[in-house]
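Data first, discussion second: the structure below is written as structure tokens.
For ligands, and for the atoms within them, numbers begin at 1 and follow the listed sequence.
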Amino acid sequence: MAKIVIKEDNYYHNLELLCQKAGGKDKLMAVIKDNAYGHGLEIMAKLASRFGIKKAAVKNLEEALHVEDLFDEVLILADHPSQNKLKDNISYAVHSLEFLKRFPKNSNIHLNIDTGMHRSGVLMSEIRESLGLIKENSLNLKGVFTHFRSADDFNAELFWQQENWKDAKKEAIKCIKELRLDMPNFHSCNSSALLRSQKTIEDDFARCGIATYGYTHIDKNIATYDLKPVLSLYANRLSTRVLKKGQKVGYGGVHVADSDKIISTYDIGYGDGFFRYDGLGDLSIANGQKILGRVSMDSLCVEGEKDEICLFDDVSEISKYFNTITYEILTKLMPWIKREVA
Ligand SMILES: *Cc1c(COP(=O)(O)O)cnc(C)c1O
């Protein structure tokens, strides 16, 4: 059976590095949304908690309910309240004035402010109105945050947005004091913004996903970082045969044998979330061997007859091959693939 292996040591290595940057374990929120970027929600939540991480961010309520016992705070990033009786440590991100008005009384919320990404968040000009509504509607303001659009890029955009965030924070603090609300936590950095910060962050914590799993897309002209990939994908042999010179393998017969060779099929395909390689380029598994022909829904083909092969222990090359980002290759891995910690 195919499996995913989680390297605990690598995860802790990455967390250590990020916590040092942030200024302590209390200043790092582990982003474990989307099944912990495909790594397995409960496994990664337990590891993070064992390491001493106290805060986590998830996609929706369903994910929050799976990990609520492990953290002091669980922030739901992309969902709306659908039930009233929630544990006190669960809170929701609020992304607009429109939806802020609809939040049920006493909800725990983190207010998202749009400081330049223009994807979500209340406008900077709506900060006062938003906080007024929070007071009026008896919402429990736990956090105020923003998200950076260009933290990976080799230009000055991050600094521009960080200036906006400083202004937003100042305005929010002023209004919060006037309204006599409790002072919430402020947070802005994702992995890249935290990695790039030259000194301990001024915010209360950073929200890190991809770097905890061992990757960054920060332009190499800015810096490189000592991160270690956490996830490896293994597949097991389903069958073996001799492919004679001139014979073709798989859909469309895209791969033609240039000599007699032993080939085997393995139990991972695009239905498992492995990207569908069309057999035309030059895509290799971890040991450098080529994938032969097209990837099928539940299988792919490689020369040899090993019982188990490692498809990847680092998705950087595969993500470049498919012109995408490591995030996408990882999050696509289906939840039914067995996960184990090593
Ligand atoms: C996904 C997400 C993060 C984590 O981003 P990384 O680049 O993976 O560190 C942080 N904040 C918000 C709001 C997110 O949606």
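Linking ILVMFWY side-chain heavy atoms closer than 4.5 Å, directly or via other members, places Val341 and Tyr12 in a single hydrophobic cluster.
Of all protein heavy atoms, the one closest to atom 7 (O) of ligand 1 is Tyr327 OH, 2.6 Å. Given atom 1 (C) of ligand 1, the protein heavy atom at minimum distance is Lys33 NZ, 1.4 Å. Remark: minimum distance from atom 8 (O) of ligand 1 to any protein heavy atom is reached at Tyr37 OH, 2.6 Å. Protein heavy atom nearest atom 11 (N) of ligand 1, with residue, atom name and distance: Arg207 NE, 2.8 Å. When only non-hydrogen protein atoms are considered, atom 9 (O) of ligand 1 lies nearest to Ser191 OG, 2.5 Å.
Judged by the 6.0 Å and 45° rule, Lys3 forms a cation-pi pair with Tyr234. Relative to the six-membered ring of Phe274, Lys332 misses at least one condition, a distance below 6.0 Å or an angle of at most 45° to the axis.
Between Tyr92 and His110, the ring center distance fails the sub-6.0 Å criterion. Aromatic ring centres of His39 and Tyr213: separated by under 6.0 Å.
Asn155 and Glu157 share no donor-acceptor pair across their side chains, judged by distance under 3.5 Å alone.
For atom 5 (O) of ligand 1, the nearest non-hydrogen atom from the set Asn112, Asn190, Ile32 belongs to Asn190.
Arg149 places a side-chain N or O within donor-acceptor distance of the main-chain N or O of Gly116, the cut-off being under 3.5 Å.
Those atoms of ligand 1 with a heavy atom of Cys208 less than 4.0 angstrom away are 9 (O).
Of the N or O atoms in Val31, none lie within a sub-3.5 Å distance of an N or O in ligand 1. Considering backbone and side-chain N/O of Ile210, one or more are found under 3.5 Å from N/O of ligand 1.
Residue contacts with ligand 1 leave out Ser192, since none of its heavy atoms falls under 4.0 Å from the ligand.
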